[in-house]
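For reference, the structure discussed in these notes is given below.
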Amino acid sequence: MDQEEVHIAVGKNFKREKANILWAAANFPRATLVLVNVHWPSKWMPFMGGELLYKFADEKEKQMHRDKQTEATVRMLLQYKSLCDTREVKAHYITHDDILVGLVNLIKKLKIKRIVIGSR
């Protein structure tokens with residue numbers, strides 16, 4: 001029999017996500033926790049002390065900005081994984097212009113059966 005997995009949709013708000021992760025860990029003690037994140041890229045990027053519309057930046061600047069965003073997402077997921085101590089935790093993320101569509105794509109791709117989504 002396959003190991004039970006509980007997927008947890010996480011965002012950038014550590015306080016709110018911490019509560020969701022700890023709730024899922026307490027309520028599904030034997031399940032593998034799988035953190036899922038849909039990164040919604042900003043249309044603006046930092047540039048010389050201000051901001052620049054993403055479409056006006058050159059490719060090198062766009063790639064540097066994407067790399068920084070990816071690193072920040074990975075650091076965020078590692079921070080969330082550290083909440084779970086010795087539990088087996090996996091993490092997946094994608095970048096998508098529409099968070100809802102991205103989440104639906106992740107649900108289909110990963111064949112998610114249970115997902116914890118917090119509310120505001």
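Within the 4.5 Å cutoff, no side-chain heavy atoms of Lys113 are placed close to those of Glu5. Two residues are said to be in side-chain contact when any heavy atoms from C-beta on lie closer than 4.5 Å; Leu110 and Val36 meet this criterion. Under the 4.5 Å side-chain criterion, counting only non-hydrogen atoms from C-beta, Ile21 is in contact with Val10.
Under a hydrophobic-cluster definition in which Ile, Leu, Val, Met, Phe, Trp and Tyr are linked whenever side-chain heavy atoms come within less than 4.5 Å, directly or via other members, Phe14 and Leu77 are assigned to the same cluster. In the hydrophobic clustering of this structure, Leu35 groups with Val74; members are Ile, Leu, Val, Met, Phe, Trp, Tyr whose side-chain heavy atoms approach within less than 4.5 Å, directly or through other members.
For the residue pair Val38 and Gly102, the shortest heavy atom distance occurs at CG2-C, 3.6 Å.
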Verdict with reasoning, Asp58 to Glu61, per side chain to side chain contact (heavy atoms under 4.5 Å, CB included): CA-CA 5 Å; Asp58 68 24; Glu61 291 166 339; 3.3 Å; yes
CA sep, side-chain torsions, deciding dist, call: Val89, Thr32, side chain to side chain contact (heavy atoms under 4.5 Å, CB included): CA-CA 6 Å; Val89 180; Thr32 298; over 6 Å; no
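Asn27 is linked by a side chain to side chain donor-acceptor pair (under 3.5 Å) to nothing, counting only residues two or more places apart in sequence or in another chain. Taking Glu51 as the reference, nothing meets the side chain to side chain donor-acceptor pair (under 3.5 Å) condition, with sequence neighbours excluded. Take Arg66 and apply the side chain to side chain donor-acceptor pair (under 3.5 Å) test, not counting sequence neighbours, and it matches Tyr54, Gln63.
Between the CH2 atom in Trp44 and the CZ atom in Phe56 there is a gap of 8.5 Å [rounded to 0.5 Å]. Rounding to the nearest 0.5 Å gives a distance of 7.0 Å between CD1 of Ile112 and CG of Leu103. The distance from atom CG of Leu52 to atom CE of Met45, rounded to the nearest 0.5 Å, is 6.5 Å. Separating the CG atom in Leu78 from the CE atom in Met76 is a distance of 10.0 Å, to the nearest 0.5 Å.
In this structure, Glu4 pairs ionically with Arg114, as a charged nitrogen and a carboxylate oxygen lie closer than 4.0 Å. Salt bridge annotation for Lys12-Glu17: absent, with no cationic side-chain nitrogen under 4.0 angstrom from a carboxylate oxygen. Electrostatic pairing of Lys62 and Glu59 counts as a salt bridge here, judged by a charged N lying under 4.0 Å from a carboxylate O.
Panel note: side chain Tyr80, backbone Gly11; a donor-acceptor pair is recorded below 3.5 Å.
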